[in-house]
Amino acid sequence: MKPVISITGPTAVGKSAVADALAEHLGGEVISTDAMQVYRGMDIGTAKTPVAQRRVSLHMVDVVDPCEPYSAALFQRDARACLDRLLACDIAPILCGGTGLYIDAVLDDLCFPSGELTGAQRERYQRLAQSIGADALHDLLARRDPASAACIHPHNTHRVIRALEMCDEGASYAEQRAGFTSPRAVYQARRFVLTMEREALYQRIDARVDAMMHDGLLDEVRGLVAQGAEDALTSRQAIGYKELIAYMRGDLSLDEAVGLIKQRSRRYAKRQLSWCRRDDRNIWIDMGACDVPAAVRLILAQSEDA
RNA sequence: GGCUAGAUAGCUCAGUUGGUAGAGCAGAGGACUGAAAAUCCUCGUGUCGGGGGUUCGACUCCCUCUCUAGCCA
(Lines give C-alpha, C1' and ligand atoms only; values in the text may rest on other atoms or scores of the structure.)
Protein backbone atom coordinates (compact mmCIF):
# COMPACT_ATOMS: atom_id res chain seq x y z
CA MET A 1 0.00 0.00 0.00
CA LYS A 2 1.21 3.51 -0.73
CA PRO A 3 2.24 5.56 2.28
CA VAL A 4 0.00 8.27 3.66
CA ILE A 5 1.50 11.64 2.82
CA SER A 6 1.63 14.30 5.51
CA ILE A 7 2.55 17.90 4.78
CA THR A 8 3.30 20.33 7.58
CA GLY A 9 5.51 23.32 8.29
CA PRO A 10 5.30 26.80 9.76
CA THR A 11 2.25 28.94 9.26
CA ALA A 12 2.09 30.81 5.93
CA VAL A 13 4.80 28.71 4.28
CA GLY A 14 2.34 27.55 1.60
CA LYS A 15 1.22 24.11 2.76
CA SER A 16 -2.29 24.21 1.32
CA ALA A 17 -1.22 25.06 -2.20
CA VAL A 18 1.19 22.14 -2.27
CA ALA A 19 -1.30 19.73 -0.71
CA ASP A 20 -4.05 20.74 -3.13
CA ALA A 21 -1.80 20.35 -6.15
CA LEU A 22 -0.58 17.00 -4.91
CA ALA A 23 -4.09 15.74 -4.20
CA GLU A 24 -5.25 16.88 -7.60
CA HIS A 25 -2.39 15.04 -9.24
CA LEU A 26 -3.06 11.85 -7.30
CA GLY A 27 -6.84 12.05 -7.42
CA GLY A 28 -6.68 12.17 -3.64
CA GLU A 29 -8.34 14.17 -0.88
CA VAL A 30 -6.95 16.40 1.83
CA ILE A 31 -7.37 15.90 5.57
CA SER A 32 -6.66 19.05 7.56
CA THR A 33 -4.39 18.55 10.57
CA ASP A 34 -5.01 21.90 12.14
CA ALA A 35 -6.34 22.46 15.64
CA MET A 36 -8.28 25.59 14.74
CA GLN A 37 -9.67 24.75 11.32
CA VAL A 38 -11.94 22.21 12.99
CA TYR A 39 -14.12 25.12 14.15
CA ARG A 40 -17.07 26.20 12.05
CA GLY A 41 -17.09 29.86 11.17
CA MET A 42 -13.41 30.39 11.84
CA ASP A 43 -12.43 30.70 8.21
CA ILE A 44 -10.42 33.80 7.41
CA GLY A 45 -8.23 33.73 10.50
CA THR A 46 -7.38 30.05 10.15
CA ALA A 47 -6.64 30.47 6.43
CA LYS A 48 -9.12 27.77 5.47
CA THR A 49 -9.23 27.37 1.71
CA PRO A 50 -12.53 29.02 0.71
CA VAL A 51 -15.12 26.49 -0.49
CA ALA A 52 -15.28 28.06 -3.97
CA GLN A 53 -11.55 27.59 -4.42
CA ARG A 54 -11.38 23.95 -3.37
CA ARG A 55 -10.33 21.70 -6.20
CA VAL A 56 -10.28 18.63 -3.98
CA SER A 57 -12.28 17.49 -0.97
CA LEU A 58 -11.14 18.90 2.36
CA HIS A 59 -11.84 16.92 5.52
CA MET A 60 -11.60 17.68 9.24
CA VAL A 61 -12.60 21.28 8.84
CA ASP A 62 -15.87 22.65 10.28
CA VAL A 63 -16.44 19.64 12.49
CA VAL A 64 -17.51 21.46 15.67
CA ASP A 65 -18.95 24.80 16.76
CA PRO A 66 -16.52 27.29 18.28
CA CYS A 67 -18.27 27.02 21.64
CA GLU A 68 -17.51 23.31 21.90
CA PRO A 69 -14.22 22.14 23.34
CA TYR A 70 -12.16 19.86 21.15
CA SER A 71 -8.89 18.05 21.75
CA ALA A 72 -6.10 15.92 20.36
CA ALA A 73 -7.88 12.76 21.50
CA LEU A 74 -11.11 13.66 19.72
CA PHE A 75 -9.16 14.68 16.66
CA GLN A 76 -7.37 11.35 16.68
CA ARG A 77 -10.69 9.49 16.73
CA ASP A 78 -12.35 11.60 14.04
CA ALA A 79 -9.39 11.98 11.71
CA ARG A 80 -8.55 8.28 11.82
CA ALA A 81 -12.14 7.43 10.93
CA CYS A 82 -11.85 9.78 7.98
CA LEU A 83 -8.46 8.41 6.96
CA ASP A 84 -9.72 4.83 7.12
CA ARG A 85 -12.71 5.71 4.94
CA LEU A 86 -10.48 7.16 2.25
CA LEU A 87 -8.07 4.21 2.38
CA ALA A 88 -10.98 1.76 2.10
CA CYS A 89 -12.10 3.52 -1.06
CA ASP A 90 -8.54 3.56 -2.41
CA ILE A 91 -8.45 7.35 -2.38
CA ALA A 92 -5.02 8.82 -1.64
CA PRO A 93 -5.18 10.75 1.67
CA ILE A 94 -3.01 13.84 2.05
CA LEU A 95 -2.66 15.20 5.56
CA CYS A 96 -2.03 18.93 5.58
CA GLY A 97 -1.80 21.20 8.59
CA GLY A 98 0.39 22.87 11.13
CA THR A 99 -0.53 21.19 14.42
CA GLY A 100 2.26 18.72 15.11
CA LEU A 101 0.57 17.03 18.03
CA TYR A 102 -2.51 16.32 15.93
CA ILE A 103 -0.45 14.80 13.13
CA ASP A 104 1.32 12.49 15.58
CA ALA A 105 -1.97 11.62 17.27
CA VAL A 106 -3.29 10.37 13.94
CA LEU A 107 -0.22 8.64 12.52
CA ASP A 108 1.55 7.32 15.64
CA ASP A 109 0.33 5.08 18.42
CA LEU A 110 -0.39 7.84 20.86
CA CYS A 111 -3.00 6.55 23.22
CA PHE A 112 -4.97 8.71 25.54
CA PRO A 113 -6.63 7.47 28.73
CA SER A 114 -10.19 6.51 28.00
CA GLY A 115 -11.75 8.32 30.97
CA GLU A 116 -14.31 11.03 30.45
CA LEU A 117 -12.88 14.51 30.53
CA THR A 118 -15.30 16.91 32.10
CA GLY A 119 -14.76 20.60 31.65
CA ALA A 120 -15.97 21.04 35.21
CA GLN A 121 -12.96 19.18 36.58
CA ARG A 122 -10.55 21.30 34.60
CA GLU A 123 -12.23 24.49 35.76
CA ARG A 124 -11.96 23.28 39.34
CA TYR A 125 -8.21 22.86 38.97
CA GLN A 126 -7.94 26.24 37.27
CA ARG A 127 -9.67 27.91 40.19
CA LEU A 128 -7.45 26.01 42.60
CA ALA A 129 -4.37 27.17 40.71
CA GLN A 130 -5.57 30.75 40.94
CA SER A 131 -6.17 30.61 44.66
CA ILE A 132 -3.10 28.67 45.83
CA GLY A 133 -0.65 29.58 43.06
CA ALA A 134 1.28 27.63 40.45
CA ASP A 135 3.97 26.36 42.81
CA ALA A 136 1.48 25.05 45.35
CA LEU A 137 -0.44 23.26 42.61
CA HIS A 138 2.80 21.67 41.47
CA ASP A 139 3.45 20.59 45.09
CA LEU A 140 0.03 18.95 45.10
CA LEU A 141 0.99 16.99 42.00
CA ALA A 142 4.33 16.09 43.58
CA ARG A 143 2.49 14.42 46.47
CA ARG A 144 0.12 12.52 44.21
CA ASP A 145 2.52 11.63 41.36
CA PRO A 146 6.17 12.52 42.04
CA ALA A 147 7.45 11.20 38.71
CA SER A 148 5.13 13.44 36.72
CA ALA A 149 5.86 16.46 38.88
CA ALA A 150 9.56 15.91 38.26
CA CYS A 151 9.19 16.22 34.51
CA ILE A 152 6.86 19.24 34.46
CA HIS A 153 8.13 22.73 35.21
CA PRO A 154 6.23 24.19 38.21
CA HIS A 155 5.17 27.23 36.21
CA ASN A 156 3.64 25.15 33.44
CA THR A 157 0.21 25.16 35.01
CA HIS A 158 -1.58 23.82 31.93
CA ARG A 159 0.44 20.67 32.02
CA VAL A 160 0.33 20.35 35.81
CA ILE A 161 -3.47 20.43 35.56
CA ARG A 162 -3.41 17.79 32.85
CA ALA A 163 -1.21 15.55 35.00
CA LEU A 164 -3.63 15.97 37.92
CA GLU A 165 -6.53 15.04 35.65
CA MET A 166 -4.63 11.93 34.65
CA CYS A 167 -4.15 11.03 38.33
CA ASP A 168 -7.90 11.27 38.71
CA GLU A 169 -8.25 8.80 35.86
CA GLY A 170 -5.75 6.43 37.45
CA ALA A 171 -3.11 7.23 34.85
CA SER A 172 0.28 8.91 35.06
CA TYR A 173 1.58 11.64 32.80
CA ALA A 174 5.18 10.50 33.29
CA GLU A 175 4.47 6.83 32.66
CA GLN A 176 2.42 7.64 29.61
CA ARG A 177 5.24 9.67 28.16
CA ALA A 178 7.99 7.21 29.04
CA GLY A 179 6.20 4.49 27.10
CA PHE A 180 6.42 6.44 23.88
CA THR A 181 9.97 7.69 23.70
CA SER A 182 10.31 6.16 20.26
CA PRO A 183 6.96 6.52 18.54
CA ARG A 184 5.59 3.62 16.55
CA ALA A 185 3.67 4.46 13.44
CA VAL A 186 0.21 2.99 13.05
CA TYR A 187 -0.02 4.17 9.45
CA GLN A 188 2.81 3.90 6.99
CA ALA A 189 3.48 7.52 6.23
CA ARG A 190 5.82 9.96 4.56
CA ARG A 191 6.16 13.15 6.52
CA PHE A 192 7.16 16.32 4.72
CA VAL A 193 7.99 19.67 6.30
CA LEU A 194 7.87 22.73 4.09
CA THR A 195 10.25 25.42 5.24
CA MET A 196 11.70 28.73 4.13
CA GLU A 197 14.37 31.22 5.13
CA ARG A 198 13.21 32.96 8.27
CA GLU A 199 13.14 36.50 6.94
CA ALA A 200 11.11 35.56 3.89
CA LEU A 201 8.71 33.56 6.03
CA TYR A 202 8.16 36.48 8.38
CA GLN A 203 7.42 38.75 5.45
CA ARG A 204 4.81 36.28 4.23
CA ILE A 205 3.27 36.09 7.68
CA ASP A 206 2.99 39.88 7.94
CA ALA A 207 1.51 40.12 4.46
CA ARG A 208 -0.98 37.37 5.17
CA VAL A 209 -2.20 39.01 8.36
CA ASP A 210 -2.76 42.23 6.42
CA ALA A 211 -4.65 40.25 3.79
CA MET A 212 -6.82 38.61 6.47
CA MET A 213 -7.76 42.02 7.84
CA HIS A 214 -8.56 43.18 4.33
CA ASP A 215 -10.70 40.09 3.79
CA GLY A 216 -12.88 40.88 6.79
CA LEU A 217 -11.36 39.08 9.76
CA LEU A 218 -12.75 41.70 12.12
CA ASP A 219 -16.32 41.05 10.92
CA GLU A 220 -15.77 37.32 11.26
CA VAL A 221 -14.68 37.78 14.87
CA ARG A 222 -17.65 40.06 15.58
CA GLY A 223 -19.97 37.36 14.27
CA LEU A 224 -18.37 34.69 16.43
CA VAL A 225 -18.56 36.88 19.52
CA ALA A 226 -22.25 37.47 18.78
CA GLN A 227 -22.67 33.68 18.89
CA GLY A 228 -21.08 33.59 22.33
CA ALA A 229 -17.72 32.18 21.27
CA GLU A 230 -15.90 34.75 23.37
CA ASP A 231 -15.90 32.46 26.40
CA ALA A 232 -15.15 29.24 24.55
CA LEU A 233 -12.37 27.27 26.14
CA THR A 234 -10.37 26.35 23.06
CA SER A 235 -11.37 28.29 19.97
CA ARG A 236 -10.92 31.72 21.53
CA GLN A 237 -7.22 30.98 21.95
CA ALA A 238 -6.65 31.15 18.21
CA ILE A 239 -4.19 33.76 17.02
CA GLY A 240 -6.01 36.55 15.25
CA TYR A 241 -9.18 36.02 17.24
CA LYS A 242 -8.10 36.70 20.81
CA GLU A 243 -6.31 39.89 19.75
CA LEU A 244 -9.32 41.26 17.88
CA ILE A 245 -11.57 40.39 20.82
CA ALA A 246 -9.19 42.46 22.97
CA TYR A 247 -9.54 45.30 20.48
CA MET A 248 -13.35 45.05 20.59
CA ARG A 249 -13.20 45.28 24.38
CA GLY A 250 -11.11 48.42 24.08
CA ASP A 251 -7.99 46.85 25.58
CA LEU A 252 -5.93 47.45 22.43
CA SER A 253 -5.95 49.81 19.47
CA LEU A 254 -6.54 48.16 16.11
CA ASP A 255 -2.92 48.78 15.11
CA GLU A 256 -1.69 47.20 18.31
CA ALA A 257 -3.95 44.19 17.81
CA VAL A 258 -2.75 43.64 14.25
CA GLY A 259 0.88 44.03 15.33
CA LEU A 260 0.33 41.47 18.06
CA ILE A 261 -1.26 39.03 15.62
CA LYS A 262 1.82 39.27 13.42
CA GLN A 263 4.22 38.82 16.31
CA ARG A 264 2.39 35.84 17.76
CA SER A 265 2.18 34.26 14.32
CA ARG A 266 5.96 34.60 13.97
CA ARG A 267 6.54 32.98 17.34
CA TYR A 268 4.07 30.26 16.50
CA ALA A 269 5.97 29.53 13.31
CA LYS A 270 9.15 29.21 15.34
CA ARG A 271 7.53 26.70 17.71
CA GLN A 272 6.22 24.71 14.78
CA LEU A 273 9.75 24.45 13.40
CA SER A 274 11.07 23.35 16.82
CA TRP A 275 8.46 20.61 16.91
CA CYS A 276 9.37 19.38 13.43
CA ARG A 277 13.13 19.37 13.98
CA ARG A 278 13.06 16.75 16.68
CA ASP A 279 11.44 14.10 14.49
CA ASP A 280 14.06 12.62 12.18
CA ARG A 281 11.40 10.96 10.04
CA ASN A 282 10.65 14.36 8.56
CA ILE A 283 11.72 15.15 5.03
CA TRP A 284 12.41 18.85 4.58
CA ILE A 285 11.57 20.88 1.51
CA ASP A 286 12.84 24.44 1.11
CA MET A 287 10.03 26.46 -0.44
CA GLY A 288 12.45 29.32 -0.96
CA ALA A 289 14.18 27.15 -3.53
CA CYS A 290 11.23 25.62 -5.34
CA ASP A 291 7.73 26.50 -6.51
CA VAL A 292 4.56 24.45 -5.97
CA PRO A 293 4.99 22.08 -8.96
CA ALA A 294 8.62 21.44 -7.99
CA ALA A 295 7.59 20.69 -4.40
CA VAL A 296 4.95 18.27 -5.67
CA ARG A 297 7.55 16.50 -7.83
CA LEU A 298 9.91 16.19 -4.86
CA ILE A 299 7.16 14.74 -2.70
CA LEU A 300 6.12 12.27 -5.39
CA ALA A 301 9.70 11.16 -5.91
CA GLN A 302 10.25 10.66 -2.18
CA SER A 303 6.98 8.79 -1.81
CA GLU A 304 7.65 6.22 -4.52
CA ASP A 305 10.80 4.62 -3.20
CA ALA A 306 9.31 2.91 -0.18
C1' G B 1 26.72 80.77 11.16
C1' G B 2 25.79 80.75 16.92
C1' C B 3 23.71 78.21 21.26
C1' U B 4 21.70 73.87 23.66
C1' A B 5 20.66 68.65 24.08
C1' G B 6 21.86 64.09 22.17
C1' A B 7 24.98 59.87 19.51
C1' U B 8 25.91 53.10 24.10
C1' A B 9 22.98 45.78 21.65
C1' G B 10 18.46 45.19 15.73
C1' C B 11 14.99 49.26 18.54
C1' U B 12 14.00 52.47 23.06
C1' C B 13 17.11 53.75 26.73
C1' A B 14 20.13 53.18 31.78
C1' G B 15 25.11 53.59 33.29
C1' U B 16 25.49 56.18 40.06
C1' U B 17 31.97 61.76 42.36
C1' G B 18 36.88 58.02 35.99
C1' G B 19 38.20 51.02 37.31
C1' U B 20 36.63 48.80 29.51
C1' A B 21 28.69 48.13 30.29
C1' G B 22 22.98 46.28 31.50
C1' A B 23 17.48 46.59 31.37
C1' G B 24 12.91 46.35 28.49
C1' C B 25 11.33 45.16 23.73
C1' A B 26 12.71 42.73 19.18
C1' G B 27 15.17 38.25 18.08
C1' A B 28 17.25 33.09 18.72
C1' G B 29 17.26 27.97 20.73
C1' G B 30 14.55 24.24 23.35
C1' A B 31 10.53 21.28 25.77
C1' C B 32 5.91 19.14 24.42
C1' U B 33 0.95 12.55 24.56
C1' G B 34 -6.89 14.71 26.01
C1' A B 35 -6.36 23.40 25.90
C1' A B 36 -1.14 22.48 21.24
C1' A B 37 -2.61 28.82 17.01
C1' A B 38 -2.22 26.34 23.99
C1' U B 39 1.47 26.18 27.88
C1' C B 40 6.41 26.44 29.66
C1' C B 41 12.06 26.87 29.93
C1' U B 42 16.88 29.00 28.43
C1' C B 43 19.91 32.80 25.92
C1' G B 44 22.67 39.85 26.28
C1' U B 45 30.64 41.33 23.44
C1' G B 46 28.50 45.73 21.73
C1' U B 47 34.47 49.75 16.97
C1' C B 48 30.00 52.89 24.17
C1' G B 49 29.75 58.17 16.66
C1' G B 50 35.41 59.19 14.53
C1' G B 51 40.18 61.21 15.99
C1' G B 52 43.34 63.34 19.61
C1' G B 53 44.55 64.74 24.82
C1' U B 54 44.77 64.23 30.42
C1' U B 55 45.36 59.74 33.51
C1' C B 56 48.28 53.81 36.03
C1' G B 57 43.32 53.47 33.84
C1' A B 58 38.17 57.16 29.90
C1' C B 59 31.38 55.21 28.09
C1' U B 60 32.51 58.77 32.03
C1' C B 61 36.85 64.65 32.09
C1' C B 62 39.06 68.17 28.04
C1' C B 63 39.75 69.50 22.65
C1' U B 64 38.24 68.63 17.74
C1' C B 65 35.45 66.64 13.68
C1' U B 66 30.87 64.17 11.82
C1' C B 67 25.69 63.40 12.26
C1' U B 68 20.60 64.22 14.57
C1' A B 69 16.82 67.26 17.10
C1' G B 70 15.42 71.95 18.93
C1' C B 71 16.18 77.19 19.63
C1' C B 72 18.46 81.97 17.97
C1' A B 73 20.16 84.79 13.80
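Letters A, B, ... are given to chains in the order of the sequence lines, protein chains preceding strands, and every chain is numbered from 1. Quick note: numbers below take in every heavy atom, side chains included, and nothing from hydrogens, waters or symmetry partners.
Between Y173(A) atom OH and rA31(B) atom P there is a gap of 13 Å when expressed in whole angstrom units. Counting to the nearest Å, the P atom of rA35(B) and the CE atom of M166(A) are 10 Å from each other. At whole-Å resolution of the value, CD1 in I152(A) and C1' in rG30(B) are 17 Å apart. Atom pair R162(A):CZ and rC32(B):P shows a separation of 16 Å (rounding to whole Å applied). The CZ atom of F75(A) sits 11 Å away from the P atom of rA37(B) (whole-angstrom rounding). For R271(A) and rG27(B), the CZ to P distance is 12 Å, given to the nearest whole Å. Distance H138(A) NE2 to rC40(B) C1': 11 Å, rounded to the nearest Å. Between D108(A) atom CG and rC32(B) atom C1' the separation is 14 Å, expressed in whole Å.
Nucleotide rU39(B) is matched to rA31(B) when pairs are restricted to Watson-Crick or G-U wobble geometry with both distances under 3.5 angstrom. Of the nucleotides present, rC25(B) is the one that pairs with rG10(B) by Watson-Crick or G-U wobble criteria, both distances under 3.5 Å. Pairing for rC3(B) goes to rG70(B), judged as Watson-Crick or G-U wobble with the two contacts each under 3.5 Å. Nucleotide rG18(B) forms no Watson-Crick or G-U wobble pair with any nucleotide shown, as no partner meets the under 3.5 Å limit on both distances. Here rG57(B) sits opposite no nucleotide as a Watson-Crick or G-U wobble pair (both hydrogen-bonding atom distances under 3.5 Å). In this entry rU45(B) has no Watson-Crick or G-U wobble partner, no candidate having both defining distances under 3.5 Å.
Among the atoms of the strands shown, base atoms are found under 4.0 Å from some heavy atom of D34(A). Within the nucleic acid shown, R77(A) has no heavy atom closer than 4.0 Å to any nucleic acid atom. At a threshold of 4.0 angstrom between heavy atoms, the contacts of T46(A) include nucleobase atoms, whether or not backbone atoms are also involved. At a threshold of 4.0 angstrom between heavy atoms, the contacts of G45(A) include nucleobase atoms, whether or not backbone atoms are also involved.
With Q272(A) contributing its side chain and G100(A) its backbone, the two residues share no donor-acceptor pair below 3.5 Å. Formation of a donor-acceptor pair under 3.5 Å by the R204(A) side chain with backbone atoms of A12(A) is found in this model. Judged purely by atom type and a 3.5 angstrom limit, Q37(A) uses its side chain to pair as donor or acceptor with the backbone of T46(A). The closest donor-acceptor contact from the side chain of S148(A) to the backbone of A174(A) lies under 3.5 Å. Under a 3.5 Å cut-off, the side chain of R40(A) and the backbone N or O of D62(A) do form a donor-acceptor pair.
Regarding contacts with the backbone of rA37(B), every side-chain N or O of R264(A) stays at 4.0 angstrom or more from both OP1 and OP2. In this model, the phosphate group of rA36(B) is not approached by any side-chain N or O of Q237(A) to a distance below 4.0 Å at OP1 or OP2. Proximity of Y241(A) to the phosphate of rA37(B): no side-chain N or O atom is located under 4.0 Å from OP1 or OP2. One finds no side-chain N or O of R278(A) lying less than 4.0 angstrom from the OP1 or OP2 phosphate oxygen of rA31(B). For the OP1/OP2 pair of rG30(B) and a distance below 4.0 Å, the side-chain nitrogens and oxygens of S274(A) include at least one atom meeting the criterion. Contact annotation: Y202(A) side-chain N/O to rA28(B) OP1/OP2 distance is under 4.0 Å. When the side-chain nitrogen and oxygen atoms of R277(A) are compared with OP1 and OP2 of rG30(B), one or more of them lie within a distance under 4.0 Å.
Atom name C1', nucleotides rU4(B) and rU17(B): the rounded distance is 25 Å, in whole Å. Comparing rG49(B) with rC67(B), their C1' atoms are spaced 8 Å from each other, to the whole Å. The gap from the C1' atom of rA73(B) to that of rG19(B) amounts to 45 Å, rounded to the nearest Å. rG52(B) sits 44 Å from rU42(B) when the C1' atoms are compared, rounded to a whole Å. As rounded to the nearest Å, rU12(B) and rA26(B) have C1' atoms that lie 11 Å from one another. For the C1' atom pair drawn from rG53(B) and rU60(B), the interatomic distance equals 15 Å after rounding to whole Å. Going from the C1' atom of rG44(B) to that of rA14(B) covers 15 Å, rounded to whole Å. rG51(B) and rG29(B): their P atoms are spaced 35 Å apart (whole Å).
Residue Q126(A) places a side-chain atom within donor-acceptor reach of the base of rA35(B), judged by atom type and a 3.5 Å distance cut-off alone. Within 3.5 Å, a donor on the side chain of R159(A) pairs with an acceptor on the base of rA38(B), or the reverse. On a pure distance criterion of 3.5 Å, no polar donor-acceptor pair joins the side chain of K270(A) and the base of rG27(B).
For the pair R277(A) and W275(A), the cation-pi test (distance below 6.0 Å, angle within 45°) is failed.
Here H158(A) does not count as stacked on rA38(B), because the ring centres are not under 5.5 angstrom apart with planes under 30°.
Closest contact between the side chain of R198(A) and the listed nucleotides rA28(B), rA37(B), rC32(B) involves rA28(B). Taking the side chain of M36(A) as heavy atoms from C-beta on, and the options rC41(B), rA35(B), rA37(B), the nearest nucleotide is rA37(B).
For Y247(A) and D255(A), the side-chain atoms include no donor-acceptor pair closer than 3.5 Å.
Each of Q263(A) and A47(A) lies near RNA chain B, and the nucleotide nearest Q263(A) is the one positioned closer to the 5' end. Comparing G100(A) and L74(A) by the nucleotide of RNA chain B whose heavy atom lies nearest to each, the residue mapping closer to the 5' end is L74(A).
In this structure, the side chains of Y70(A) and V63(A) come closer than 4.5 Å at one or more pairs of heavy atoms.
Using a 4.0 Å cut-off between charged nitrogen and carboxylate oxygen, D215(A) and R208(A) do not count as a salt-bridge pair.
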